[in-house]
Amino acid sequence: MKRSGSQTVESASRMPASRMIDARIQELAGWRGEMLSRLRALIQQAVPEAVEEWKWETPVWSHDGLICTGETYKSVVKMTFARGASLDDPAGLFNSSLEGRVRRAIDFREGDKVNEKALKTLIRAAVALNTSKA
């Protein structure tokens, strides 16, 4: 199932991915839920036509290929960019999975400030990279 605008892909459970992401945010509560919600909003602002999916028990955003995932752990909310090693990161946002040949990630910890402008630029760059391979 897909919707225009903020699209969603239905999971195997037949619940729309957007609702599964809503449920994860509610389940987390606290700072992790707030951070995941904020990152989701920034993705939607940067690329309104991005598709929300639910894979690997994790929120996923795609546009002509995987953009990033929104993983949650006890002490971090991790935003993993599928092709992050191929992206320029002049603001130095990537701080995790730096040794990988393909992926790069940003670990957000409680109290971390989000450089919204730089993150939106990075998200748009990931989409441009996906689109360029098509």
Side-chain angles (χ1 to χ4, degrees):
M1 171 174 138
K2 287 190 176 182
R3 278 187 299 165
S4 61
S6 177
Q7 296 180 353
T8 186
V9 173
E10 201 170 90
S11 74
S13 72
R14 308 299 292 167
M15 181 186 289
S18 62
R19 291 202 8 228
M20 294 181 83
I21 296 169
D22 290 341
R24 172 61 55 89
I25 290 167
Q26 289 298 316
E27 165 191 313
L28 290 168
W31 76 268
R32 293 180 306 154
E34 291 170 15
M35 181 62 76
L36 184 58
S37 179
R38 186 170 180 198
L39 297 176
R40 179 190 202 187
L42 291 171
I43 293 165
Q44 292 170 339
Q45 291 168 19
V47 186
E49 60 278 0
V51 176
E52 290 189 321
E53 301 176 90
W54 185 262
K55 296 181 180 181
W56 316 293
E57 300 296 315
T58 302
V60 174
W61 291 271
S62 299
H63 185 289
D64 291 323
L66 187 67
I67 301 169
C68 64
T69 63
E71 305 151 63
T72 52
Y73 300 97
K74 184 176 181 178
S75 62
V76 299
V77 175
K78 181 182 287 285
M79 190 176 200
T80 302
F81 285 76
R83 300 177 67 200
S86 298
L87 297 174
D88 288 331
D89 180 22
L93 297 178
F94 290 130
N95 61 9
S96 182
S97 304
L98 300 175
E99 68 287 342
R101 298 171 100 181
V102 180
R103 290 182 294 277
R104 292 282 186 276
I106 305 168
D107 285 352
F108 296 96
R109 290 177 169 70
E110 187 172 10
D112 280 355
K113 300 215 183 300
V114 178
N115 182 337
E116 294 185 5
K117 182 178 178 185
L119 185 56
K120 286 180 186 179
T121 298
L122 195 61
I123 293 163
R124 289 183 189 116
V127 170
L129 181 62
N130 285 349
T131 303
S132 72
K133 71 174 183 169

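Residue numbers count from 1 along this sequence.
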Quick one: side-chain contact (heavy atoms from CB on, under 4.5 Å) partners of T80, sequence neighbours excluded? T69, E71, K78, R103, A105
For N95, the side-chain contact (heavy atoms from CB on, under 4.5 Å) test, sequence neighbours excluded, returns I106, D107
Compare every heavy atom of S75 with every heavy atom of R109, then report the nearest pair and how far apart it is. CG-O, 3.6 Å
Any chance you could measure L93, atom CG, to I123, atom CD1, to the nearest 0.5 Å? 9.5 Å
Residues forming a side-chain contact (heavy atoms from CB on, under 4.5 Å) with A85, sequence neighbours excluded: R104
Contact check, side chains of T131 and H63, non-hydrogen atoms, under 4.5 Å: yes
Using every non-hydrogen atom in the two residues, find where A50 and I43 come nearest and quote the distance to one decimal. CB-CG2, 4.4 Å
Reported CZ-to-CD distance for the pair R124 and Q45, which is rounded to 0.5 angstrom: 9.0 Å
Atom CZ in R101, atom OG in S86: separation rounded to 0.5 Å? 11.5 Å
Validation row: E110, V76 side chains within 4.5 angstrom (heavy atoms): no
Side chains of E52 and M20, heavy atoms from C-beta outward: is any pair under 4.5 Å? no
Residues forming a side-chain hydrogen bond (donor to acceptor under 3.5 Å, both in side chains) with S62, sequence neighbours excluded: E53
Which value, rounded to the nearest 0.5 Å, describes the distance between L122 atom CG and C68 atom SG? 9.0 Å
Please say yes or no: joined through hydrophobic side-chain contacts below 4.5 Å, possibly via intermediate residues, are V77 and L98 part of one cluster? yes
K55: partners by side-chain hydrogen bond (donor to acceptor under 3.5 Å, both in side chains), with sequence neighbours left out: none
Going through the distances and angles, do V127 and D64 end up as a side chain to side chain contact (heavy atoms under 4.5 Å, CB included)? CA-CA 7 Å; V127 170; D64 291 323; 5.6 Å; no
What's the shortest heavy-atom distance between A82 and L66, and which atoms? CB-CD2, 3.4 Å
Main chain of P16, side chain of S18: is a donor-acceptor contact present, judged purely on distance under 3.5 Å? no
In the single-linkage hydrophobic clustering (I, L, V, M, F, W, Y; side-chain heavy atoms under 4.5 Å), do M15 and W61 co-cluster? yes
Pairs flagged by ring-ring contact (aromatic ring centres under 6.0 Å, His included) wherever residues 92-115 is involved - sequence neighbours left out: F81-F94
Of all residues at least two apart in sequence or in a different chain, which pass the salt bridge (charged side-chain N to carboxylate O under 4.0 Å, His left out) check with D22? R40
Give the table of side-chain donor-acceptor pairs shorter than 3.5 Å for residues 25-38, with sequence neighbours excluded, one pair per line with atom names and distance.
residue, atom, partner, partner atom, Å
R32, NH1, Y73, O, 3.0
R38, NE, E116, OE2, 3.3
R38, NH2, E116, OE2, 2.9

